Number of protein chains: 2
Amino acid sequence: MMNTATRQKIVMTALEMFFVKGYNSTSIADILSRSQVHSGSLYHFFPGKQDLLVAVLEFYRDGIKENLLDIAWGQVDDPIEKIFALLGGYRTGLLMSDFAHGCPIGNLALELSEPDPRIRDLIQLNFENWIEAVEHCLDEAANRLPGDTDRHALAEFILTTMEGAIMQARTARDIGVFDRNVAVLRSHIDILTEKASAHT
Amino acid sequence: MMNTATRQKIVMTALEMFFVKGYNSTSIADILSRSQVHSGSLYHFFPGKQDLLVAVLEFYRDGIKENLLDIAWGQVDDPIEKIFALLGGYRTGLLMSDFAHGCPIGNLALELSEPDPRIRDLIQLNFENWIEAVEHCLDEAANRLPGDTDRHALAEFILTTMEGAIMQARTARDIGVFDRNVAVLRSHIDILTEKASAHT
DNA sequence: GCAGAAGTTGATTGATCAATCAAGAGAAAA
DNA sequence: TTTTCTCTTGATTGATCAATCAACTTCTGC
């Protein structure tokens, strides 16, 4: 796959606009005017709007480590604190954007009810990568959790908490909802670690 | 507010289409052809598309008890089981619609990032009513929970779990994700009730 | 029965949408 | 230099969008 400067500019612009305004509400004309590119160039690289979304999701998938995990985990070593640092990254995103940025993938997941299979698979893959990263943290902390803990299910549940907490915080425009949700999750994980340490 | 047969037919059709296809992806023409109503009649009752959405959200708000809670709780007395019966209702909706129906309000909440204040307030109100209903269940079961339980925060967390679980289940088209999420929530609440009973 | 209000019809409007395409510029290979 | 391929330009297309409106019918109060 070629990657000229123009192509990259289009993908970066589309990424931001799809994630803030949503896919359907972002017009090709929006992307063209924002990125200072003409329609012919866009359609030279992408057969249609859907293919542009595919490129955006592939770009996001390939950048999850550098652009999300490494930033959130720069200062953190403890695997369980890494999980909450990740959630804290989304908290910061909410506050800094005045609740405009939530979870890019979550927005698309609900907006595109009957999407192109390529798109559904990429959304699913982005979820799976996120879950896998959290699950890896839980694996690192396995000795602090009860032996029968289903760590994959717990990682899925942490994604669930993040997505639901963002949804409610954005609607209420109140970070308190987000914080209370994370606090309940924290208490659940605290209980698990206490249980595990009591059994040793 | 008047409520002719035509007006109601429009609201019911819009309700279903907004909730399945989303607001932006549902055109007025879609609603007109499905409801067998002509555009002049629609615009006689509603100044614009946004006002139709307002009417839909008001209708949903007013019907939450009869159309959601009473149905889910018909056979259930135990307050904690009522909560899981409510979640089971969404599970059934997912399965029966082949993952087309999720949570109507959740979809709109993420789709409309910068909505009309009336619309944002109505979405928020629908969330609050749902949380309040769950919180009332928790209040009924207060003696089975630890004394320091923040029941409002826990009710918010249950909404979070429901929304996040639906999002993931729809994306994966797999009810297993939903079930695992609910199982983790169930284990959390079980731990709380065990804790409370140990202290008496 | 009559007048005015409420509701209906459906062709039509202008805006905006995604997408097209012919013409040409620029770079690279021969 | 000539040829070939990649990339850019921007006017244009037809489809679809939300919304309008004047003419018409039905209902309601008197």
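Given the structure is predicted, the values throughout are model-derived calculations rather than measurements. Every chain is numbered from 1, with letters handed out A, B, ... down the list of sequences.
- Each of Ser41(A) and Thr6(B) was assigned the nucleotide of DNA chain C with the nearest heavy atom; the assignment lying further toward the 5' end belongs to Thr6(B).
- Whole-Å rounding puts the Lys9(B) NZ to dG7(C) P distance at 14 Å.
- Screening residues 137-158 of chain B for ring-ring contact (aromatic ring centres under 6.0 Å, His included), with sequence neighbours left out, gives Phe157(A)-Phe157(B).
- For dT8(C), the OP1/OP2 oxygens have no side-chain nitrogen or oxygen of His38(B) closer than 4.0 Å.
- Looking at Glu111(B), its side chain does come within 3.5 Å of a backbone N or O of Tyr23(B) through a donor-acceptor pair.
- Panel note: side chain Arg144(B), backbone Ser197(B); no donor-acceptor pair is recorded below 3.5 Å.
- In terms of modelled atom types and a separation under 3.5 Å, the side chain of Thr26(A) and the main chain of Met17(A) share a donor-acceptor contact.
- For His44(B), no side-chain nitrogen or oxygen approaches OP1 or OP2 of dT8(C) to under 4.0 Å.
- Under the 3.5 Å distance criterion, the side-chain polar atoms of Asn181(B) are left unmatched by any main-chain donor or acceptor of Phe178(B).
- Distance, Phe45(B) CZ to dT9(C) P: 11 Å, rounded to whole Å.
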For nucleotides 11-17 of chain D, give me every protein contact, N/O to N/O, under 3.5 Å, one pair per line with atom names.
unit_1, atom_1, unit_2, atom_2, d
dA11(D), N6, Ser39(A), OG, 3.0

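- Following rounding to the nearest Å, Leu53(A) (CG) and dA18(C) (C1') show an atom-to-atom distance of 15 Å.
- An OP1 or OP2 oxygen of dA19(D) is reached within less than 4.0 angstrom by a side-chain nitrogen or oxygen of Tyr43(B).
- A sub-4.0 Å separation between OP1 or OP2 of dT6(D) and a side-chain N or O of Thr4(A) is absent.
- Rounded to an integer number of Å, the gap from CD1 of Ile10(A) to P of dT9(D) is 10 Å.
- Remark: C1' of dA19(D) and CD1 of Ile31(B) are 13 Å apart, rounded to the nearest angstrom.
- Listed for the Asp190(B) side chain is no donor-acceptor partner under 3.5 Å among the backbone atoms of Ser187(B).
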